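As a basis for the values below, the full set of heavy atoms in this structure was taken, side chains included, without hydrogen atoms, waters or symmetry mates. Here the structure is a predicted model, which is why all the values come from computation and not from measurement. The first residue of the sequence shown is numbered 1, and numbering continues consecutively from there.
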Amino acid sequence: MTTKKHALLIFSKPPIPGMVKTRLTRERGGILSEQQAAEFFRRSLYDVSELCMHALIELQRENDARLAADPDADAVTYDFFVSTTPVDNVQAMRETYDAIGPWPMEVHYLTDAGATFDDHFDDAFSQLFALGYESVVSVGGDIPTLPKSHITQAFQWLDYFQSLGTPGFVQAPCQECGTSLVGWSANTPMDNQGVYYNTCGRAALDAYVEKLKETGAPSAYLMPVADVDEGGDLAHAISCLRAIEEASPAQGLFVPQRVIDWIDFMGFKVTTPPNENHDPRQYIDK
């Protein structure tokens, strides 16, 4: 029997006014105060974290069932990590999570370091690989419409690539040529250098694709999930969250209730200009 560890990583700042979601604020042309933007992010971070934990628990139960049926099967454990910087922010993140605890899983904390975002991201992954984790999947805290299935499928794809002897990569795009989820294994020839620290006009998604072509590592593509940076993103998220809430009884979807409650409290309504265009096909419009 082989023992393996996988880690889910949320790479995040603490939800402090003026530090997070600043493009949603009136100071940057948005519609929210700094306090409101931080509250949105705090609730989104909570909902994304709970969704991820539910996915990890589901994966853990599936592995435990396989192990019970076959004692020679791999024994896999899944852990939940939050990485932030600088080290002083770890306590702020810990207090953020403890404020509404207990959580379904233990929250582990890291401090990432580096000169660029790429360095920080690589440092967090490297720390987890050094701790013996075979694969790491990372998401941001600002994607409240993230499907739980993205987390389970990401780890399943990485396991599948490992079973073939060809360590791989998994990603889900965001809405602006970037990513909302990325993951790879300790032996995958991948890093973040030149991906997010954009000095040549290349989009993050394209940068990963170029690295994959150079190394030949296999990859899995999950459907795009929008993060929330600007007012239009927030409007899109609100409509999607309403649709998720409506479909949940039939599909068993995770409902980001904390964000939805905040939307209701704020009284936000999504509107679009009236569409008075008629289809020119005279036999259709009456």
Side-chain angles (χ1 to χ4, degrees), residues 7-25 30 32 34-56 78-86 89-101 103-112 117 120-121 123-125 128 136-148 150-151 154 171-176 178-183 192 196 204 222 224-230 233-234 236-238 240-241 244 254-263:
L8 188 287
L9 172 68
I10 289 188
F11 199 68
S12 179
K13 302 173 185 177
I16 297 173
M19 182 181 292
V20 295
K21 298 294 110 186
T22 56
R23 281 184 280 171
L24 291 173
T25 65
L32 304 179
E34 291 183 344
Q35 291 74 21
Q36 290 167 342
E39 180 63 14
F40 161 75
F41 180 70
R42 184 177 72 88
R43 288 171 175 261
S44 180
L45 178 65
Y46 285 158
D47 282 341
V48 171
S49 296
E50 184 178 358
L51 174 144
C52 290
M53 290 182 185
H54 286 184
L56 297 181
Y78 297 87
D79 291 320
F80 179 91
F81 283 84
V82 175
S83 188
T84 192
T85 192
N89 279 342
V90 172
Q91 183 58 29
M93 292 301 297
R94 191 183 303 275
E95 291 172 357
T96 297
Y97 278 90
D98 288 349
I100 64 164
W103 288 86
M105 296 181 67
E106 182 178 359
V107 182
H108 303 277
Y109 298 92
L110 296 176
T111 302
D112 49 84
F117 185 90
H120 282 264
F121 212 8
D123 184 53
F125 270 66
L128 291 171
V136 176
V137 172
S138 180
V139 299
D142 59 348
I143 45 175
T145 59
L146 177 70
K148 184 175 68 172
H150 269 39
I151 303 299
Q171 64 182 342
C174 68
Q175 76 279 25
E176 293 184 342
T179 60
S180 58
L181 176 152
V182 294
N192 292 289
Y196 300 100
L222 304 179
V225 185
D227 57 13
V228 180
D229 289 327
E230 300 177 345
D233 302 332
L234 181 58
H236 175 71
I238 290 172
C240 289
L241 290 167
I244 290 170
F254 177 88
V255 178
Q257 196 63 53
R258 298 176 185 87
V259 175
I260 290 175
D261 289 346
W262 176 80
I263 292 167

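Judged by distance alone, with hydrogens and angles left aside, the side-chain atoms of Ser180 form a donor-acceptor pair with the main-chain N or O of Ala172 at under 3.5 Å. Side chain of Asp47 to main chain of Val259: a donor-acceptor pair is present (N/O by atom type, distance under 3.5 Å, no hydrogens or angles). Judged purely by atom type and a 3.5 angstrom limit, Thr85 uses its side chain to pair as donor or acceptor with the backbone of Asp112. With Tyr46 contributing its side chain and Thr96 its backbone, the two residues share a donor-acceptor pair below 3.5 Å.
For the pair Leu241 and Pro256, the minimum side-chain heavy-atom distance is below 4.5 Å. Within the 4.5 Å cutoff, the side chain of Phe40 has heavy atoms near those of the Leu234 side chain. For the pair His236 and Gln175, the minimum side-chain heavy-atom distance is 4.5 Å or more. Taking the side chain as every heavy atom from C-beta outward, Val139 and His150 never approach each other to under 4.5 Å. Counting heavy atoms from C-beta outward, Ser138 and Phe125 have side chains that approach closer than 4.5 Å. Val228 places none of its side-chain heavy atoms less than 4.5 Å from the side chain of Ser44. Contact of the Tyr109 side chain with the Tyr97 side chain is registered, since non-hydrogen atoms from C-beta on lie closer than 4.5 Å. Residues Leu146 and Ile151 form a side-chain contact, since some pair of their non-hydrogen atoms from C-beta on lies under 4.5 Å apart.
Of all non-hydrogen atoms in Ser12 and Leu45, the two that sit nearest each other are OG-CD1, 4.1 Å. Residues Leu110 and Ala124 share a closest heavy-atom pair of CD1-O, 4.0 Å. Here the closest heavy-atom approach between residue Met93 and residue Thr84 is recorded as CG-CG2, 3.7 Å. Scanning both residues, Thr25 and Ala37, for their nearest heavy atoms gives CG2-CB, 3.8 Å. Shortest non-hydrogen contact noted between Gly141 and Ile10 is N-CG2, 4.3 Å.
Partner of Arg23 under the salt bridge (charged side-chain N to carboxylate O under 4.0 Å, His left out) criterion, out of Asp233, Asp142, Asp229: Asp229 alone.
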Practice prompt. Tell me, with the steps shown, if Phe117 and Phe11 meet ring pair (Phe, Tyr, Trp, His ring centres under 6.0 Å).
Written response: CA-CA 11 Å; Phe117 185 90; Phe11 199 68; 5.3 Å; yes

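Residues Glu95 and Gln91 bring a donor and an acceptor atom of their side chains to less than 3.5 Å of each other.
Not less than 6.0 angstrom separates the ring centroid of Phe41 from the ring centroid of Trp262.
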